[in-house]
**Student:** 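Let me begin by handing over the structure; questions about it come next.
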Amino acid sequence: MTLTANDPSRKSWLNVPENSDFPIQNIPFGVFITKDDVITIGTRIGNYAIDLGALQQLNYFEGIELTDDMFMQDTLNDFISDGKKTWRLVRNRIADIFDINNPKLRDNEKQKEIVIFDIKDVEMQLPVLIGDYTDFYSSREHATNVGKMFRDPDNALLPNWLHIPVGYHGRSSTIVPSGIPVHRPNGQTLPPGETQPVFGPSKRVDFELEMAFITTDANIMGEPIPVNETEDHIFGMVLFNDWSARDIQKWEYVPLGPFLAKNFASSMSPWIVTLDAMEPFRTAGPEQNDPKPLEYLQQTGEHAFDIKLQVGLAPENGEETIICNSNFKYMYWSMSQQLAHHTVNGCRVNSGDLMGSGTISGPTPDSFGSMLELTWGGQNPLKLNSGEERKFIEDGDTVIMRGYCQNDEVRIGFGEVSSKLLPPFSKK
Ligand code: CA
């Protein structure tokens with residue numbers, strides 16, 4: 001099916017500001033609550049949120065097989081379950097409805113009032129009910145940096161790393177949308193030079209610059225997804241801040257890996273940008289010749305995506321400093337390889353599952369995707385524009401991640417995931 005929604009020459013009758021992440025070629029999917037307390041599935045063009053439930057009731061999706069209440073739900077899971085053909089039909093239709101040359105809704109003031117909201121007047125929700133959350137560890141630069149700091153500088157990459165898209169099962173219950181503040185976790189740590197652990201607030205709260213993809217029902221139990229079919233089961237992507245407590249992590253992670261250092265919070269951007277919208281931004285990933293991956297992980301064609309990523313840090317009431325510029329294309333293992341590996345043993349993947357990329361670090365120190373790496377374990381504090389210094393994230397700091405793809409014709413962006421760190425939770 002042609003992705004008519006991606007036509008770079010198309011213009012919308014809705015105003016799209018210059019450099020907007022959300023031109024008519026994007027058409028992401030999300031869930032929002034309107035001022036009247038109605039929850040609906042929607043999309044976004046420019047700074048307008050569009051109620052797809054209302055559009056469906058007004059019969060704008062006629063001819064596409066959809067259950068009657070498909071968009072009047074509080075999650076996208078059922079829509080995602082309908083599969084790629086339906087996602088494409090719906091995205092193409094939305095592009096058509098908002099095309100500058102289509103008068104049907106454009107010239108119907110009464111209907112526009114029901115369908116279109118100023119983005120400032122809606123509250124974004126988590127777009128999917130996340131059943132399972134898996135986090136990978138797929139940036140070679142990040143794994144190398146962490147290996148140097150936590151283990152052995154001379155053997156930073158463990159022997160399995162270049163053969164396996166390493167990952168672990170996280171928890172979905174503490175994944176929150178952009179804007180929801182996060183509490184500094186309490187936990188057990190081993191202070192430097194001590195032999196006995198102590199309990200208290202983490203002193204090394206960090207962000208992890210990640211992206212995550214959201215799957216559809218991909219397989220039945222026992223059935224692996226071949227690497228060249230995986231992209232049919234990936235609905236789209238979001239920005240993902242996988243908050244981490246480095247001191248808790250260091251003490252707890254041997255031998256079973258991350259646990260309480262990771263599951264106190266992860267924050268995601270609220271609009272899921274479809275893999276279809278990112279089609280023009282495919283690019284080659286890093287070479288995988290030394291060693292070559294095993295056959296079930298070998299793929300042809302381009303499966304990395306050129307997504308520019310940025311992290312800003314804003315102290316309480318202070319101006320933001322950009323502390324990192326990275327790119328999703330640096331990932332050693334592609335999303336396809338991650339999903340093929342995840343299911344090769346027969347593990348079942350469901351609609352709304354979320355797979356984190358792992359921290360995305362680039363080759364240069366300004367592209368490192370965590371404070372742990374940017375300050376090299378706290379040894380080299382970052383200078384903020386305000387004159388303050390940071391080794392890790394302090395109470396009151398807001399971490400903002402942004403991402404977008406851009407070529408000569410179109411910019412497809414993710415908006416942002418922004419969240420503030422609060423002091424440890426205390427019951428009022
Ligand atoms: Ca992570």
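Keep in mind it's a predicted model, so treat the numbers as computed, not measured. Numbering of ligands and ligand atoms starts at 1, following listing order. Heavy atoms only: backbone and side chains are in, while hydrogens, waters and symmetry mates are out.
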**Student:** Using only N, O or S atoms, tell me which atom of D242 is closest to the Ca ion (ligand 1).
**Tutor:**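 Checking each N, O and S atom of D242, the shortest distance to the Ca ion (ligand 1) belongs to OD2.
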
**Student:** Please determine if R204 forms a cation-pi arrangement with F392, meaning its NZ or CZ atom is less than 6.0 Å from the six-membered ring centre and no more than 45° off the ring axis.
**Tutor:**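 Here R204 fails the 6.0 Å and 45° test against F392.
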
**Student:** Dump the intermediate steps for side-chain hydrogen bond (donor to acceptor under 3.5 Å, both in side chains) on Q299 and S334, then the final yes or no.
**Tutor:** CA-CA 10 Å; Q299 52 184 171; S334 68; 2.6 Å; yes

**Student:** How about F71 and F79: are their ring centroids closer than 6.0 Å?
**Tutor:**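 Centroid separation for F71 and F79: below 6.0 Å.
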
**Student:** Give, rounded to 10 degrees, the angle between OE1 (E208) and OE2 (E210) as seen from the Ca ion (ligand 1).
**Tutor:**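 It comes to 90°.
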
**Student:** Between W87 and F235, does the ring centroid distance fall short of 6.0 Å?
**Tutor:**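 Ring centroids of W87 and F235 are less than 6.0 Å from each other.
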
**Student:** Have a look at D135 and say which of its N, O or S atoms is nearest the Ca ion (ligand 1).
**Tutor:**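 In D135, the heteroatom (N, O or S) nearest the Ca ion (ligand 1) is OD2.
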
